[in-house]
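See structure below.
Counting begins at 1 with the first residue of the sequence. As the structure is a computational prediction, the values presented were derived from the model and not from experiment.
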Amino acid sequence: MISVNDVFVRLSAYSDMSEFNEDDLLPSCEDGLSWVTRRLKPTADENDPLIAITAAAIAHFYFYLRRLTETDKYDSYKIGDITVNQDPHRQYQIEKDMRREAIANASSILKDGEFCFYAG
């Protein structure tokens, strides 16, 4: 069975996670794994690496949400003639897109959300 440590290893491999330690990331890893396991198909293999991959992407999103309260997300920095602005709305959209793509890629192991679109 995939463990929280498996998810942590995957999440730690993200380039923007290198500055964070285990204590920072484990709560999000637990949440990500819980999200995936609640939605696993009954026929899914509990050792499928796709579980850890998907849980890490979900954990990345949860970690981003946890960090929204940090003020450096909203600061702008001036370096010489260049000003660098943080755009939390754009970053949030990127995080949602990453999560959506991970869920789509895991459709073989996740239950159908029973969404239906009818154009009649």
Side-chain angles (χ1 to χ4, degrees):
M1 173 143 211
I2 300 297
S3 71
V4 172
N5 282 337
D6 297 323
V7 177
F8 172 73
V9 168
R10 297 282 183 164
L11 182 59
S12 298
Y14 281 70
S15 61
D16 61 337
M17 295 288 121
S18 62
E19 66 186 78
F20 302 104
N21 63 35
E22 192 172 340
D23 291 336
D24 296 330
L25 299 178
L26 274 182
S28 298
C29 293
E30 290 169 355
D31 292 344
L33 184 58
S34 174
W35 189 96
V36 172
T37 54
R38 285 191 318 267
R39 290 163 176 82
L40 279 178
K41 290 179 178 178
T43 57
D45 177 8
E46 292 180 348
N47 295 311
D48 190 329
L50 189 53
I51 295 171
I53 293 167
T54 307
I58 301 297
H60 194 279
F61 178 76
Y62 284 145
F63 187 71
Y64 172 78
L65 292 179
R66 281 186 169 98
R67 292 195 59 227
L68 278 177
T69 59
E70 296 176 8
T71 58
D72 69 337
K73 290 277 188 200
Y74 309 101
D75 290 341
S76 62
Y77 304 95
K78 186 163 176 95
I79 305 167
D81 294 339
I82 299 172
T83 301
V84 178
N85 292 314
Q86 301 285 346
D87 186 353
H89 296 293
R90 183 174 179 277
Q91 185 61 36
Y92 179 65
Q93 187 60 47
I94 290 169
E95 293 291 334
K96 285 190 340 184
D97 291 345
M98 285 175 46
R99 181 187 63 175
R100 188 178 306 120
E101 183 177 342
I103 292 168
N105 289 340
S107 64
S108 63
I109 62 168
L110 298 178
K111 293 177 189 172
D112 182 2
E114 298 178 8
F115 175 79
C116 177
F117 178 77
Y118 176 75

Side chains of residues 99-106: which donor-acceptor pairs under 3.5 Å do they make with residues two or more places apart or in other chains?
{"unit_1": "Arg100", "atom_1": "NH1", "unit_2": "Asp97", "atom_2": "OD1", "d": "2.8"}
{"unit_1": "Asn105", "atom_1": "ND2", "unit_2": "Glu101", "atom_2": "O", "d": "3.3"}

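- Separating the CG atom in Asp45 from the CE atom in Met1 is a distance of 10.5 Å, to the nearest 0.5 Å.
- One distance of note links NZ of Lys41 with CG of Asp48; it measures 11.5 Å at 0.5 Å rounding.
- Side-chain atoms of His60 and Asp16, non-hydrogen and from C-beta on, do get closer than 4.5 Å to each other.
- Neither Val9 nor Leu50 shares a network with the other; the hydrophobic side chains, linked directly or stepwise wherever heavy atoms of I, L, V, M, F, W or Y lie under 4.5 Å apart, form separate groups for each.
- Annotation: Arg38, atom CZ; neighbour count of heavy atoms from other residues, nucleotides and ligands within 6.0 Å is above 12.
- A donor-acceptor contact shorter than 3.5 Å is absent between the side chain of Ser34 and the backbone of Glu30.
- Side-chain N/O atoms of Asp31 and Ser28 include no donor and acceptor closer than 3.5 Å.
- When the ring-ring contact (aromatic ring centres under 6.0 Å, His included) test is applied to Tyr92, no partner is found at least two apart in sequence or on another chain.
- In plain terms, the two heavy atoms of Ile109 and Ala44 that are nearest each other are O-CB, 3.9 Å.
- The line from OG of Ser3 to CG of Asn47 is 10.5 Å long, rounded to the nearest 0.5 Å.
- Contact annotation: the side chain of Met98 approaches that of Tyr14 to within less than 4.5 Å [non-hydrogen atoms, C-beta and beyond].
- Looking at residues two or more places apart in sequence or on another chain, you find no side-chain hydrogen bond (donor to acceptor under 3.5 Å, both in side chains) involving Asp23.
- Between Leu11 and Phe20 there is no side-chain heavy-atom pair separated by less than 4.5 Å.
- Note: Trp35 CH2 to Leu40 CG = 9.5 Å, rounded to the nearest 0.5 Å.
- Here the side chains of Arg90 and Gln93 are not in contact, with every heavy-atom distance at 4.5 Å or above.
- Paired with Leu33 under the rule side chain to side chain contact (heavy atoms under 4.5 Å, CB included), one option of Asn5, Ile51, Asp6 passes, and it is Ile51.
- Of all the heavy atoms in Ala56 and Arg10, the pair that sits closest is CB-CB, 3.5 Å.
- With values rounded to the nearest 0.5 angstrom, Phe63 atom CZ is found 11.0 Å from Leu26 atom CG.
- We find the CD-OH distance between Gln91 and Tyr64 to be 5.5 Å, quoted to the nearest 0.5 Å.
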